[in-house]
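Everything on this sheet refers to the single structure shown next.
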Amino acid sequence: MDITINDNRNVYVVSDIHNYADGFKRLLKKIQFNENDLLIIDGDIFDRGDKPVELYFEILKYPNIQVIQGNHDVWVARQIIEQFGHRKTGEYISYNTVAIMEKRLTPVDMLRLAEWIQEKPYYINLTINGMKYQIAHAQTFLTPERMFDKRKIYMGDGHYEYFIRGMEEHEQFISVVGHTVTDNRRIWVSPSGRTIRIDCGAGYKCYGKEGTLGAIRLNDMKEFYIN
């Protein structure tokens with residue numbers, strides 16, 4: 001998906017919310033999110049936390065929130081389709097999201113959720129007043145549209161460990177990714193500024209571990225955190 005912005009609207013990116021609905025709602029208030037802004041959720045909406053329904057419905061309120069598929073979202077959709085649509089769509093790892101949601105949503109609504117997930121892109125090529133970014137859950141690529149194995153975009157390829165250390169960067173755009181928690185639970189920007197990692201560990205708060213929900217405003221690189 002390509003998005004081009006040639007005005008002064010604010011563009012925020014957050015990733016790896018992991019069912020942390022309360023934190024996400026507080027984040028929207030903290031950034032004073034409004035109808036003129038754009039918020040991109042860079043994958044892993046679901047799993048681990050205990051409020052997937054609340055988070056899902058909160059996201060649906062905003063037409064100016066764009067969602068990218070992360071591996072946990074892919075897995076949730078596949079599990080739903082297997083359980084409620086009675087067909088296989090690929091391997092998945094089952095966490096807690098489907099078990100929680102099926103207690104409150106009808107089978108039709110569950111299948112609608114799976115369809116909603118699968119309609120989302122695996123990456124966004126974003127241009128803000130001439131500045132180019134590629135936003136993907138795990139790893140960026142020069143020609144992701146040509147890749148048969150989309151799993152590399154939301155899980156990473158054989159060079160992933162080099163990529164997340166800023167050792168394999170692209171001259172054509174700035175990469176913004178989540179998927180792997182940063183060492184200090186804060187947004188990490190490589191020395192060149194061409195790799196930005198934004199998974200700050202919110203998904204591990206439910207296990208009693210340290211983590212924050214981090215977002216970045218790409219217009220001025222300002223960072224926002226919710227504990």
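One is the number of the first residue; the rest follow in order along the sequence. Every heavy atom of this structure was used, including side-chain atoms; hydrogens, water molecules and symmetry mates were not.
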Does atom [atom1] of [X] have more than 12 heavy-atom neighbours from other groups under 6.0 Å away?
{"X": "E119", "atom1": "CD", "answer": "yes"}
{"X": "K103", "atom1": "NZ", "answer": "no"}
{"X": "R151", "atom1": "CZ", "answer": "no"}
{"X": "M131", "atom1": "CE", "answer": "no"}

What is the distance from atom [atom1] of [X] to atom [atom2] of [Y], rounded to the nearest 0.5 Å?
{"X": "N64", "Y": "E35", "atom1": "CG", "atom2": "CD", "value": "8.0 Å"}
{"X": "I41", "Y": "S15", "atom1": "CD1", "atom2": "OG", "value": "10.0 Å"}
{"X": "E145", "Y": "K150", "atom1": "CD", "atom2": "NZ", "value": "8.0 Å"}
{"X": "K25", "Y": "I59", "atom1": "NZ", "atom2": "CD1", "value": "11.0 Å"}
{"X": "K51", "Y": "N19", "atom1": "NZ", "atom2": "CG", "value": "11.0 Å"}
{"X": "R217", "Y": "D220", "atom1": "CZ", "atom2": "CG", "value": "4.0 Å"}

Within 45° of the axis and under 6.0 Å from the centre of the six-membered ring of Y207, does NZ or CZ of R48 qualify?
->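 Geometry flag: not set, cation outside 6.0 Å or 45°.
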[X]-[Y] co-clustered via ILVMFWY side chain contacts under 4.5 Å:
{"X": "L39", "Y": "M221", "answer": "no"}
{"X": "I45", "Y": "F224", "answer": "yes"}
{"X": "I68", "Y": "F46", "answer": "no"}
{"X": "I187", "Y": "I174", "answer": "yes"}
{"X": "V74", "Y": "I117", "answer": "no"}

Hey, are D47 and T97 close enough side-chain-wise for a donor-acceptor pair under 3.5 Å?
-> yes
Check this for me, if you would: do [X] and [Y] make a salt bridge, where the nitrogen-to-carboxylate-oxygen distance has to be below 4.0 angstrom?
{"X": "R112", "Y": "D109", "value": "yes"}
{"X": "D7", "Y": "R9", "value": "yes"}
{"X": "D149", "Y": "K152", "value": "no"}
{"X": "R78", "Y": "E82", "value": "no"}

Might you work through the side-chain contact (heavy atoms from CB on, under 4.5 Å) test for F173 and L142, ending with a clear yes or no?
-> CA-CA 9 Å; F173 52 75; L142 286 179; 4.1 Å; yes
Check: D16 main-chain N/O paired with D42 side-chain donor or acceptor under 3.5 Å |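 Between the backbone of D16 and the side chain of D42 there is no qualifying donor-acceptor contact (under 3.5 Å).
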Among V14, L28, L27, the one residue meeting side chain to side chain contact (heavy atoms under 4.5 Å, CB included) with I226 | L27
For the side chain to side chain contact (heavy atoms under 4.5 Å, CB included) test, which of H170, E168, E169 pairs with T140?
->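 Going through H170, E168, E169 one by one, the side chain to side chain contact (heavy atoms under 4.5 Å, CB included) with T140 is satisfied by H170 alone.
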Which heavy-atom pair separates [X] from [Y] by the least distance, and what is that distance?
{"X": "L113", "Y": "I80", "answer": "CD2-CD1, 3.8 Å"}
{"X": "R185", "Y": "G211", "answer": "CG-CA, 3.8 Å"}
{"X": "Y123", "Y": "A136", "answer": "CB-CB, 4.1 Å"}
{"X": "Y20", "Y": "K205", "answer": "OH-CE, 3.5 Å"}
{"X": "Q32", "Y": "D37", "answer": "O-OD2, 3.7 Å"}
{"X": "W116", "Y": "L60", "answer": "NE1-CD2, 3.5 Å"}

Could you go step by step and tell me if Y160 and M155 meet the side-chain contact (heavy atoms from CB on, under 4.5 Å) rule?
-> CA-CA 8 Å; Y160 179 67; M155 290 292 287; over 6 Å; no
State, yes or no, whether a side-chain contact exists between [X] and [Y] at a heavy-atom distance under 4.5 Å.
{"X": "R104", "Y": "E54", "value": "yes"}
{"X": "Q69", "Y": "Y154", "value": "no"}
{"X": "K132", "Y": "N125", "value": "no"}
{"X": "H18", "Y": "C206", "value": "no"}
{"X": "N184", "Y": "T182", "value": "yes"}
{"X": "Q83", "Y": "E102", "value": "yes"}
{"X": "V176", "Y": "L126", "value": "no"}
{"X": "W188", "Y": "T195", "value": "yes"}

Distance flag, aromatic centroids of Y62 and F33, threshold under 6.0 Å = yes
Give the C-alpha distance, both sets of side-chain angles, the deciding distance and a yes or no for side-chain contact (heavy atoms from CB on, under 4.5 Å) between D44 and D73.
-> CA-CA 6 Å; D44 281 6; D73 312 312; 4.2 Å; yes
Applying side-chain contact (heavy atoms from CB on, under 4.5 Å), run through Y133 and I40 and close with a yes or a no.
-> CA-CA 12 Å; Y133 302 85; I40 297 172; over 6 Å; no
